[in-house]
Amino acid sequence: MAFEIGETAVKRHRHIGLTDQDVMNIYENMLLARVLDERMWLLNRAGKLPFVVSGQGQEGAQAAAAYALDKQRDVILPYYRDLAMVLAFGETPLDILLANFGRANDLSSGGRQMPGHFSARRHRIFSQSSPVTTQLPHAAGIALAARMRGEDLVTYVSFGEGSSNQGDFHEACNFAGVHKLPVIFFCENNHYAISVPLHKQIGSKYVADRAAGYGFPGIVVDGNDVLSVYAHMKDAVERALRGEGPTLIEALTYRLHPHSSDDDDRSYRSKEEVEAARARDALVTFRRYMIDEGVLTEQEEKDLRNRLTQDVDRAIEEAERSPLPAPESALNHVYADGK
Amino acid sequence: MSVKLYIDAITDAMRQEMERDPAVFILGEDVGVRGGVFRTTQGLIDQFGEERVMDTPLAESAIVGVAVGAAAYGMRPIAEIQFADFILPAVNQIISEAAKLRYRSNNDWQCPLVIRAPFGGGVHGALYHSQSLEALFYHIPGLKVVIPSTAYDAKGLLISAIRDPDPVIYFEHKGMYRLIKDEVPDDDYVVPIGKAAVRRDGTDITVITYGLMSHYTLTAAEELAKEGISAHVLDLRSILPLDKEAILEAVRKTGKVLIVHEDNKTGGVGAEVSAIIAEEALFELDAPIARLGGPEIPAMPFSPPLEKFYMLNPDKIAKAMRELAAF
């Protein structure tokens, strides 16, 4: 896994400008998302959470993408599987759980939205709805507003490959292309739109092929290859900040779980296919890379996992103890005057 | 103060607000170099440049969706939909996004957005350049919907809409652009959203209406005055929120009420106004609530006799008013 540069063997992550601590940070972000996601499924199966929508299998791509962004400068418009992304931008496991439990102090919506509908203005995370792909024009709009206000930033907007078939995908890419807006369109191609496989979703081989039609680069990257995703994201960020416009990055990933806690994936894909994907999962492969490169030891990894699990368990207890919203608060904030 | 055309009042409002607040900008199809297909944005690109008077790709969902993002990030966009009929591709962005952004984020994000859309018939616009679509939106909490009928209101309501912290759909009747003119102050002023206006005082019957039909109703009322029937006319001006107090007061004034709109009757604004009256002023009534609207056909046809058949006019309104007065 090492690159040969001149006579010096350089670790692959150093070659792209990441320190050992950087890759540790990325791995911790991935692992926290995974631990939290796993716990949410347990809570669902125990009857404590009515609904879970999962990002398992996509954390590597998300954490790598997040690491290339500036949390104080950029704005993200995540989609519902972007748990690792929003954790990187400052949401805590408690924030996520308060939303999942529909508690009054849920940061994203005060208990109004379904789980997975992330939002937090203080963390520069834009609000999202459930009809997919509506966030793509918003990403162009925020980028446009920033340019008009003289702010340098990048907007990151993510979506599944299923969403790439909506009109808003085309309209937003085209708008951003025409105006050379600093938008990174990040397609997390997990190969299924609920039950519909990729070959029934798109006529081209890749979603990224479409970028040519909008006049900007489209890049396909192995979404399990954390370092490769980071490198491409970093290029896209720099390109956006130079005023050269959008980039479409298609990260090839796999959704390890059913679409949601209400789905049963056994009806549309084989167990063998899922098992094969588990072997390629970035949580497995990146962990192995870090251990092989001596960045992380087995024991350190175990300790980290334990610490994160304890953090999440404490957050679960706190979220469960938190008050539910007052029924009449459903009437608040329809308009600015509070009525 | 000077007499201005309805269309010029709209342009004035945008120009003055753009001069006042650098966050205000316009985006839409043909709004820039061409100055809009109706000329509502004429001259603005010369004054404010192509970024603030932005010609967009022909894609309504992007026009509104981009505006939603920009509004959330500190701008005050005015998104122009070239004809109200073409707003439908943007309805998901309007109803799922703009209308719900504040609510769903528990007041964390907001959407101070104006969507201007020329609506209405009688201009040989056929099915897809004539529609009245306000009924689709007046059902949606989170939106505001206004329909000015005078040049004075066109300017004052547009300024209110631009300054409003929430999304406002501003329907301007294209048939009124160069037909209606009245006194308009040169300085800025606001007409509050949610306030109706009494256009004519009367004692025998009340007509509640809005848009171009306000003018047709006033013409009809003058005809009826000659016959000794005194009509009280209320112009709603805002469809969402409705001015409930003004509606009830107008009903109490005469005890007989007719609601008139260009849009077809079923599920139209008149249905809600009727329900408010039935709920809160039933015993003030001396006659059943009457409604007059367009026929129940999908939209306005092109050929002149067909278009004329669809459109209300002062004669049709006068007939309905006489019938109510005679009850």
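Bear in mind that the values here come from a model prediction, so they are computed numbers and not experimental data. In the text below, chain A, chain B and the rest are named by the order of the sequence lines, each starting its count at 1.
Atom-to-atom distance recorded for H179(A):NE2 and M54(B):CE is 4.5 Å, nearest 0.5 angstrom. To the nearest 0.5 Å, the span separating OH on Y335(A) from CD1 on I193(B) amounts to 10.0 Å. Taking NZ from K100(B) and CD from Q113(A), the interatomic distance works out to 10.5 Å, rounded to the nearest 0.5 Å. Between the OG atom of S61(B) and the NE2 atom of H170(A) there is a distance of 11.0 Å, given to the nearest 0.5 Å. Separation of atoms CZ (R147(A)) and OH (Y73(B)) is listed at 14.0 Å; rounding is to 0.5 Å.
Inspection of non-hydrogen atoms places N92(B), Q93(B), S96(B), E97(B) of residues 86-98 of chain B under 4.5 Å from chain A.
In this structure, Q201(A) places its CD atom where more than 12 heavy-atom neighbours from other residues, nucleotides or ligands lie under 6.0 Å away. Atom OH of Y128(B) sits in a sparse spot, with 12 or fewer heavy atoms from other residues, nucleotides or ligands closer than 6.0 Å. Within a 6.0 Å radius of CZ in R34(B), no more than 12 heavy atoms belonging to other residues, nucleotides or ligands are found. Atom CZ of R242(A) is surrounded by more than 12 heavy atoms from other residues, nucleotides or ligands within 6.0 Å. Annotation: E50(B), atom CD; neighbour count of heavy atoms from other residues, nucleotides and ligands within 6.0 Å does not exceed 12.
Residue contact with chain B, scored on non-hydrogen atoms closer than 4.5 Å, involves the backbone of I125(A) exclusively. Contacts between A330(A) and chain B at a heavy-atom distance below 4.5 Å involve backbone atoms as well as side-chain atoms. Contact annotation for A143(A): neither backbone nor side-chain heavy atoms come within less than 4.5 Å of a heavy atom of chain B. Contact annotation for I142(A): both backbone and side-chain heavy atoms come within less than 4.5 Å of a heavy atom of chain B. Contacts between S108(A) and chain B at a heavy-atom distance below 4.5 Å involve the backbone alone (N, CA, C, O). Contacts of N107(B) with chain A are made by both backbone and side-chain atoms, with heavy-atom separations under 4.5 Å.
Counting all heavy atoms, side chain and backbone alike, W109(B) lies closest to S119(A) at NE1-OG, 3.2 Å. Annotation for A140(A) and V66(B): closest pair CB-CG2, 4.0 Å, computed over non-hydrogen atoms. Of all non-hydrogen atoms in A59(B) and E171(A), the two that sit nearest each other are CB-OE1, 3.2 Å.
You'll find the side chain of R104(B) stays beyond 4.5 Å of the side chain of H117(A), heavy atoms only. Within the 4.5 Å cutoff, the side chain of S127(A) has heavy atoms near those of the L101(B) side chain.
Among A120(A), S129(A), G110(A), the residue making the largest number of heavy-atom pairs under 4.5 Å with chain B is S129(A). For chain A, the option among A70(B), P57(B), A23(B) with the highest count of heavy-atom pairs below 4.5 Å is A70(B).
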Please evaluate residues M148(A) and R52(B) with respect to the criterion side chain to side chain contact (heavy atoms under 4.5 Å, CB included), reporting the C-alpha separation (whole Å), side-chain torsions for both, the decisive distance (0.1 Å), and the verdict. CA-CA 9 Å; M148(A) 294 175 87; R52(B) 290 184 71 196; 4.0 Å; yes
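Annotation: salt bridge (Lys or Arg N to Asp or Glu O under 4.0 Å) contacts of E172(B) (sequence neighbours excluded): R116(B).
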